[in-house]
Amino acid sequence: MPTPPATPYYITTPIYYVNDQPHIGHCYTTIVADAVARFMRLAGHDVFFLTGTDEHGQKVEKSAASRGITPQELADENARHFVTALGYVGATNDDFIRTTEPRHEKQVQRVLSTLIESGDFYLDTFEGWYDEGQEEYVTENQARERDFTAFNGKPLVKATEENYFFRLTKYWDRVREWIEAHPEFVQPDARRNEVLGRLRDESRDVPISRTNFTWGIPVPGNEKHVTYVWIDALLNYMTALGLVDAEAADMDASRHHYWNASGPVVHFIGKEILWFHAVIWPALIMALRDAGRTDLHLPDAVYAHSFWIREGQKMSKTLGNFIDLATIEAYCENFSRDALRWFLLTQGPLGATDADFSHSRFVEVYNADLANGFGNAASRVTNMIVKYFDGQCPDDRGDPTNGDYNWPEITGKMIATATGQMEQLDVAGALRSGLELSNRVDQYINDTKPFKLAKDPDGMPEVGRILYHCVETLRIAAILMLPAIPDASQEFLTRIGIDPTSLSSSSLTWGGVQPGAAITKGEGLFPRADVDAPPPEVSASGS
RNA sequence: GCCGAUAUAGCUCAGCUGGUCUAGAGCGGCGGAUUCAUAACCCGCAGGUCCCUGGUUCGAGUCCAGGUAUCGGCACCA
C-alpha cells in the first residue's frame with residue numbers, strides 16, 4: 001500500500017520568560033503540546049514541535065543588574081533551567097529557540113524594517129501619568145482614582161515618551177471578523193467569547209518599542225529604541241522556521257513547509273497571554289501580508305488552557321506554594337514521569353476552568369488508571385501467555401472475533417475516536433479512549449475466563465485465541481496512550497515483541513503482534529501506590 | 001466599575017436546538033462473585049430541593065426575568 005505524503009503539523013508552546021523559574025505551568029503547557037506532537041507523529045504526520053525561551057526585556061535587565069551579571073549571562077543560566085525541565089517531563093521538541101539568537105534577532109529586525117516602511121509601525125509620542133517610584137505609567141482613570149498620587153505618596157508626573165506604535169486599529173475589525181468566521185481559531189469557546197467581547201470595545205494602537213532600557217532588539221535605523229518584548233516573542237514561531245528571512249538568519253527553506261496551507265499550525269498557550277496570541281499576533285501577520293508578504297498566513301488554532309491550583313488554593317509567590325521543578329522531580333521519582341504526565345494530561349485545565357493538583361487525587365488517578373488499569377491488564381495478559389504458552393505468543397487462528405467481541409471493529413472504532421479527539425485537541429479524551437481499550441480487555445478476560453479453559457488441554461487453542469485478542473488489543477491501547485506514558489508504553493511494546501522505535505501510522509491497525517513472538521512478563525509497569533502515604537518529600541536544595 | 005461565564009450525586013464533570021431525564025459517567029465508598037493479575041479485575045448498589053424565586057409552555061437541569069454564590073477577562077507585566 002503506497003503511503004500518502006505525510007501532512008505537516010506544526011505545534012508550539014509559548015517561549016518561556018527567563019526571568020521566571022520553571023514551574024508546573026510551563027511543564028504543563030509543554031507536556032500537552034508534547035502529547036499532541038507524539039500522537040500526530042504516530043498518526044503519520046510530519047510534525048515540528050517548537051519551544052524555547054523569551055530572553056529580552058526590562059525585567060531580565062534589572063534582575064541581571066541586581067545580581068551583578070550581564071543580561072545574557074542571566075538568560076543563559078535560566079534557559080538551561082528550562083532545558084532541564086524539558087528533560088524531566090520528556091519533551092520531544094524538534095528545536096529550542098532563544099530570542100537572543102542571531103537567527104531570531106535578524107529576522108525580527110527584518111519585520112520591523114518591513115512594517116516601518118509600510119507605515120503600520122510608526123513613531124509617535126505617548127503622554128501619560130507616570131509613577132516615578134514604580135517606574136510605570138498609569139491610565140487616566142487610575143490616576144484620577146488615586147487622586148494623581150504615586151505609590152510612594154508623591155504626585156504623579158505628566159511624562160511623554162517617544163515610541164513606535166503598531167497600527168492595531170487598522171486590523172481590529174479584520175481580526176474580529178476572522179475570529180467570528182473561524183470558531184476553531186481561538187479555543188476553548190469561553191476564551192473566544194472573551195476575546196470577541198474585548199474586540200467590541202474601542203480599538204487602540206499599541207506601543208511596540210521602549211527607550212528606557214536597552215536589553216532588547218534595537219529598532220533598525222533608530223537604535224535608542226528596543227523592540228517591545230511581545231513583538232519580539234511572538235515572532236519566534238516564524239523565525240524558528242526561517243520564514244521571515246531564511247537567508248538573513250543563515251537558514252534554508254527546509255522548514256518552510258511547516259507553515260503553509262497544507263497542515264495545521266497550532267499554538268498552545270496559557271490563558272494569561274491570550275490577547276497577544278489571539279489579536280496582536282494575527283494582526284501582525286495581516287500587517288505583514290499587507291506589506292507584501294502574502295505567503296504568510298494565520299495560524300489555525302490558538303488554544304489557551306487555564307491554570308493549575310494546588311490543594312484548592314491559587315499558587316502565588318506570596319504563598320510560596322508553586323509546584324516547582326523540585327516538586328515535579330519528586331513526583332517523577334516517587335511515581336514515575338509517566339505518572340506525572342498522565343495525571344497532568346487527563347486531569348489538567350484544558351478547558352476554561354482551573355484544575356486542582358491535589359496529592360490524594362493524584363494517587364487515586366494513578367492507581368485507578370495506571371496501576372489497576374493498564375498496568376494490571378498488561379500484567380495479567382503477559383503472565384498468562386508466559387504461564388500457558390511458555391512465553392510464545394499464541395495466535396487467534398485467523399478469527400479476531402469471539403461472540404459479541406469483534407476486535408478489529410472495537411479497536412478500529414477506538415482508534416478513530418481517539419484520532420478525532422486529538423485532532424480536536426481533546427487530549428484527555430483521546431487518552432481515555434486508549435485506556436478504555438485496556439478496560440475492555442479486562443472485561444473480556446472476565447467474560448471468557450481463559451484461566452479456566454486452560455485447565456483442560458482441549459481448551460488450549462481457545463485460550464490462545466483469546467490471549468492473542470488480548471495482547472493485540474493492549475498493543476493498540478499502549479500506542480494510543482504512548483503520548484502520555486511513553487516510558488511504560490515502550491517498555492510494554494518491547495515485552496510483547498514490538499520495536500517501539502519503528503512505530504508508524506500502520507501500527508494503528510489490527511494484527512501487529514506476531515504469533516510466535518517471545519513475550520515476557522517483567523516487573524509491574526505501575527506498582528500500586530499507597531493512598532495514605534504522605535506527598536513526596538522535596539529536597540531542600542531544590543530551587 | 002465594565003464585559004462574560006458557571007452553579008447537576010462525597011469528588012471531577014456529561015447533559016447540543018425543551019418531552020425515552022421516573023436525572024447520567026468516571027473516581028471514591030458499600031455489597032457480591034472470582035483467581036490469570038499489582039488486596040487488582042468483573043458484576044451490582046448512588047435515591048442527588050439539577051443554587052433560590054417567579055415566569056413562558058400541554059410539558060423545563062434544558063428557555064426568560066430577578067436574586068444569591070463562585071470564577072474569569074479588561075490593568076501597557078512579561
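- Classification of G4(B) as anti follows from a glycosidic angle more than 90° from 0.
- Among the nucleotides G73(B), G28(B), U38(B), the one closest to any side-chain atom of Ala368(A) is G28(B).
- Ring planes of Phe374(A) and Phe492(A): perpendicular class, angle over 60° (limits at 30 and 60°).
- In this structure, Ala190(A) reaches neither bases nor backbone, as no heavy-atom distance under 4.0 Å exists between it and the strands shown.
- In this structure, Phe389(A) and Met460(A) approach most closely via the heavy-atom pair CZ-O, 3.7 Å.
- Where Lys314(A) and Ala377(A) meet RNA chain B, the nucleotide closest to each residue was compared, and Ala377(A) sits on the side nearer the 5' end.
- As judged by a 4.0 angstrom heavy-atom cut-off over every strand, Lys449(A) is placed among residues making no nucleic acid contact.
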message: Does Glu55(A) form a side-chain hydrogen bond (donor to acceptor under 3.5 Å, both in side chains) with Thr53(A)? I'd like the steps, not just the answer.
response: CA-CA 6 Å; Glu55(A) 307 190 347; Thr53(A) 42; 2.7 Å; yes
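- Phosphate proximity of A78(B) to Tyr228(A): present, with a side-chain N or O under 4.0 Å from OP1 or OP2.
- One P atom belongs to C2(B), the other to C77(B), and the distance between them is 25 Å to the nearest Å.
- Nearest nucleotide to the Asn372(A) side chain, out of A78(B), U38(B), U34(B): U38(B).
- Nucleotides A40(B) and U17(B) are separated by 41 Å at their P atoms, to the nearest Å.
- Distances were taken from every side-chain heavy atom of Asn446(A) (C-beta onward) to each of G72(B), C42(B), A78(B); the shortest belongs to C42(B).
- Side-chain N/O atoms of Gln443(A) include one lying less than 4.0 angstrom from OP1 or OP2 on C43(B).
- Side-chain nitrogen and oxygen atoms of Arg198(A) include none within less than 4.0 Å of the OP1 or OP2 phosphate oxygen of G73(B).
- Atom pair Ile280(A):CD1 and G73(B):P shows a separation of 17 Å (rounding to whole Å applied).
- Remark: P of G26(B) and CG of Asn367(A) are 18 Å apart, rounded to the nearest angstrom.
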